[in-house]
Amino acid sequence: MSVFKPDLSLKRFSQLDTNELVKRNIRLLLLDFDNTIVPLGSPYLGVKEVRKIRELKEQGIDVVILSNNKRSRIAPFARRLGVEYVPFALKPFLHQYLRILKKKNCRPEETAALGDQLLTDIIGANSLGIFTIYCEPIGTKEEFGTVVLRRFEEIFLKK
Ligand SMILES: [Mg+2]
C-alpha cells in the first residue's frame, strides 16, 4: 500500500461517518485545521464542522487538532470546540503523532487522521498504520456558503 494513498476520501470533513469510525474501534481522531475545518485565514467555524466534532465526541471519539499552524491561530477555535490541540506539529514528521498516541495510550489501529493535504496529513499517519482520511480543502468563500457569524456560532455552542 502506498503511503500517499488515504484509506478513505471525502468531499468534506463534515461528511465523515462517525459510525464507520466507531465500527473500526477508532477512539482518537487527529484532525487537521486549515482548509479542513476552517478555510485558510477565516475567522469562522461552520455549523456543520461544529456539529460533526460534537457528534464525534458524543460517540466517544477523542478529537485532537494537529496543525502545522501557530498556536495563536489554533487556540481560540480549539477552546470554542472544547478539544485539545497541537500547534507547530511539523507534519509529516512523526514526533507529535507518537507523542499524542503515547499520551492518549492509543495504538495506531485505534487512531484516525484526517486532513486536506496528502503530503502532510496523510503520509506521516499512513507510515504509522493510522487510519487515514483525506478530505478536499474548504478553500474558497463560495464553497463556504454555510458560514455563520461568530456570534451566532457562540450561541450555538453554548446550547
Ligand atoms: Mg490543511
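Throughout, numbering of the chain's residues begins at 1 and tracks the sequence. The analysis underlying the following values was restricted to heavy atoms, covering all of them including side chains, and did not include hydrogens, waters or symmetry mates. Order of listing sets the numbers, starting from 1, for every ligand and every atom in it.
- Backbone or side-chain N, O or S atoms of Asp121 do not reach the Mg ion (ligand 1) at under 2.8 Å.
- Side chains of Gln96 and Arg99: a donor-acceptor N/O pair is present below 3.5 angstrom, by distance only.
- Looking at Thr18 and Gln59, their side chains never bring a donor and an acceptor atom within 3.5 Å of each other.
- Ionic pairing of Asp62 and Lys104 is present here: one or more N-O contacts between side-chain nitrogen and carboxylate oxygen are shorter than 4.0 angstrom.
- Within Asp34, O is the N, O or S atom that lies nearest to the Mg ion (ligand 1).
- In Asp116, the N, O or S atom that comes nearest to the Mg ion (ligand 1) is OD1.
- Using a 4.0 Å cut-off between a side-chain N of Lys or Arg and a carboxylate O of Asp or Glu, Lys48 and Glu55 do not qualify as a salt bridge.
- In terms of distance to the Mg ion (ligand 1), the nearest N, O or S atom of Asp32 is named OD2.
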